[in-house]
There are 2 protein chains.
Amino acid sequence: MNDRKQHVVKMAHQLFIDKGFQSTSIQDILEYSGISKGTFYNYFSSKSELLTAIFKMTDSELEKIRNDLLIGQDPADIEIFIKQVEMQLKTNRKNKIITLFEEVMISKDDELKRTIEERKIQNIRWIYHRLTDIFGIDKRQYLLDCAIMFMGMLRENIKFYQLAYESDANISQVVRYTVNRLVHMVNEIVQSEERLIPVQALERWLPDCNRHVRSFRKKLLHQLFIVKNILHQQNNQQLNYGDLLDFIEEELLDAKNPRKFLIDSVLQTLQTVEDKKVQVELQELSILVQEYFDQIDAK
Amino acid sequence: MNDRKQHVVKMAHQLFIDKGFQSTSIQDILEYSGISKGTFYNYFSSKSELLTAIFKMTDSELEKIRNDLLIGQDPADIEIFIKQVEMQLKTNRKNKIITLFEEVMISKDDELKRTIEERKIQNIRWIYHRLTDIFGIDKRQYLLDCAIMFMGMLRENIKFYQLAYESDANISQVVRYTVNRLVHMVNEIVQSEERLIPVQALERWLPDCNRHVRSFRKKLLHQLFIVKNILHQQNNQQLNYGDLLDFIEEELLDAKNPRKFLIDSVLQTLQTVEDKKVQVELQELSILVQEYFDQIDAK
DNA sequence: TATAAATTTGTACAATCGGTATAATATGAT
DNA sequence: ATCATATTATACCGATTGTACAAATTTATA
């Protein structure tokens, strides 16, 4: 994305946070970010499209934060999950994401609505995935229901807790309370063997068109996570390895035209790590990258 | 409320259901209900005020349905609670209340936002009250938390269940599943003695200005309920007694200028029931009515 | 450097929206 | 019949999103 365009997105986001989506006119955005109307409609076809750009940015931010919290940790440790949820709530509040979500579910733009809906589903999906880490994959039949109800409880608890305590609200207390309920609920549901929504529905909810892209994203992030994790466990002295991996992630997922030669170069540098396990996983990563560029060339 | 005005409210509601609030222009409403712009702004000061009128109508409808389901039943019977919740969901869906809610939380009209917020709190309050009926008043310290979480679970469950089954969605299955979770959760929370939000907050959330009005409404509905209940238990042959009680309710709560002489007359007719208990409760009712008119005269 | 291509600007414009104002007309009660 | 009230039709205001387009500016390329 263009630097200038990026700048407009940032400025608009700030305005949305301050004044809300509906109350911010396009004229406001033009003045605040110092561009003309023509340029705006050159970048975005509408105010809604600008908003989706903002969502994509905050999505990436959130995913990164979440993953970083997992590095070098046991995925089954529920304390890590709690921290992740807290961070999610914090960044969402910083970006006023929830307000923007609700504000948008009204708009006539069906495309935008679909985007929001998909984001919510992705979130449920992430929670479901983490619950399988924590409670064991053998309980997966019940864990989608649990993820859904956890989201509902958490949302409503936060809302009324804030209403009760206003500025003194201590969100982490709410998270802990809700997680405690969740733990008991999982046990109870597993025992009762009651199910509401089949896990298979999760895949059906996500549109086919993006499946390949998402699939690649997921695989890549997973593989990067594995490598980072190994390096972390070894407490590797050369810290810039982490930066190199971050660079690969950014270049592949965010850049418009990822520079293959650069990524190849970085991978080669990483291969100098004298560790069998790391080398094996890096090989996997290289294959993924190769597949990705093959796919681009095919188009 | 004027017949004509009522008609406009109905027509507008239909349009909102079909097209949504934002997408329905005032011009649409004028054409659909066959009035002029001047008349519209004579009836309502804004589109928002029209919406609050709709909410008030559906509120009354819901309250009536709920109460009728309780008549002649044991309040501690959880099956009645389930039926009440199902009916609530049904009428809400019929009136597209939830969609309208969400659509409005965006608007710049703070007064309207406050109205919606209050409605949600009233709903939590009702659930809390019913939970004390079902699980016992001694557990009340924990039942507000339970009511809040129940709402959250139910809402999210319905959303994703509908996403999974679309038109085949069987809401009562969702309600039953969620209530089952609730029952176990109540036991678990009582045992753990964990609390999140103090019950006292419930009263603080509601604005003082309406307290007297709400208080009267509540008392009146309660007293009417008692009388209806006694009559029902006796399986009284004269069915029009129920109609007479309904009339009192409508005249007092919905009419602009309740006709005291009519209500007095109806009360006199009811006093002819030859039953000590009914007569005592009717006396209570008469006192309430008297207090109400005293209050009006004082203004 | 010169020229062509792409981008950006400024502004005018159309259409729609919620809401105000008002003069003319219709309705209804006494 | 009269007079207050309710209703209508219409013009208008300011703000909004979005389009159109010629002129100016920046960028890439030869």
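Quantities reported herein were computed from a predicted structural model and do not represent experimental measurements. Residue numbers start from 1 in every chain, and the chains themselves are labelled A, B, ... in the order their sequence lines are given, proteins ahead of strands.
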Measure from [atom1] on [X] to [atom2] on [N] and round the result to the nearest Å.
{"X": "B/Y41", "N": "D/dA9", "atom1": "OH", "atom2": "C1'", "result": "16 Å"}
{"X": "A/H7", "N": "C/dT8", "atom1": "NE2", "atom2": "P", "result": "14 Å"}
{"X": "B/F21", "N": "C/dG18", "atom1": "CZ", "atom2": "C1'", "result": "11 Å"}
{"X": "B/L51", "N": "C/dG18", "atom1": "CG", "atom2": "C1'", "result": "15 Å"}
{"X": "A/D3", "N": "D/dT27", "atom1": "CG", "atom2": "P", "result": "12 Å"}
{"X": "A/F40", "N": "D/dT16", "atom1": "CZ", "atom2": "P", "result": "14 Å"}
{"X": "A/E49", "N": "D/dT17", "atom1": "CD", "atom2": "P", "result": "16 Å"}
{"X": "B/N42", "N": "D/dA9", "atom1": "CG", "atom2": "P", "result": "15 Å"}

Parallel, tilted or perpendicular, judged at 30° and 60°: which one describes the rings of A/F21 and A/F16?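 Taking A/F16 first and then A/F21, their aromatic rings stand perpendicular (interplane angle over 60°).
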
Does any donor-acceptor pair link the side chain of A/K37 with the base of D/dG18 at a separation under 3.5 Å?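 Side chain to base: pair found, below 3.5 Å.
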
Has A/T269 got a side-chain atom pairing as donor or acceptor with A/S265's backbone, closer than 3.5 angstrom?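 Answer holds: yes.
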
Grab the two heavy atoms, one from A/F44 and one from A/A53, that are nearest each other, plus how far apart they are.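 Closest approach of A/F44 to A/A53: CE2-CB, 4.3 Å.
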
Is a side-chain donor-acceptor pair under 3.5 Å present for A/S25 with A/D28?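 Yes, a side-chain donor-acceptor pair sits under 3.5 Å.
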
Does a donor on one side chain sit under 3.5 Å from an acceptor on the other, for B/Q122 and B/D59?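 No donor-acceptor contact under 3.5 Å links the two side chains.
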
Interface with DNA chain D, restricted to residues 25-35 of chain A and to heavy atoms under 4.0 Å: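 Here the set is A/S25, A/I26.
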
The side chain of B/K47 is closest to which nucleotide in this list: C/dG18, D/dG18, D/dT7?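 Comparing C/dG18, D/dG18, D/dT7 against the side chain of B/K47, the answer is C/dG18.
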
Between D/dG18, C/dG10, D/dT7, which nucleotide has the shortest distance from any of its atoms to the side chain of A/S36?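 Of the options given, the side chain of A/S36 lies nearest C/dG10.
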
Thinking salt bridges, do B/E203 and B/R125 make one under a 4.0 Å N-O criterion?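 B/R125 and B/E203: salt-bridged.
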
Side-chain ion pair, A/E61 and A/K56, N-O less than 4.0 Å: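 Result for this pair is no, no salt bridge flagged.
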
Which part of the nucleic acid does B/Y43 contact within heavy-atom distance under 4.0 Å: base, sugar-phosphate only, or nothing?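 Result for B/Y43 = sugar-phosphate.
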
Most 5' of A/G38 and A/T24 on DNA chain D, judged by nearest nucleotide: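 The residue whose closest nucleotide sits nearer the 5' end is A/T24.
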
It should be established whether A/R4 places a side-chain nitrogen or oxygen under 4.0 Å from OP1 or OP2 of nucleotide D/dT26.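 Checking D/dT26 against A/R4, no side-chain N or O comes under 4.0 Å of OP1 or OP2.
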
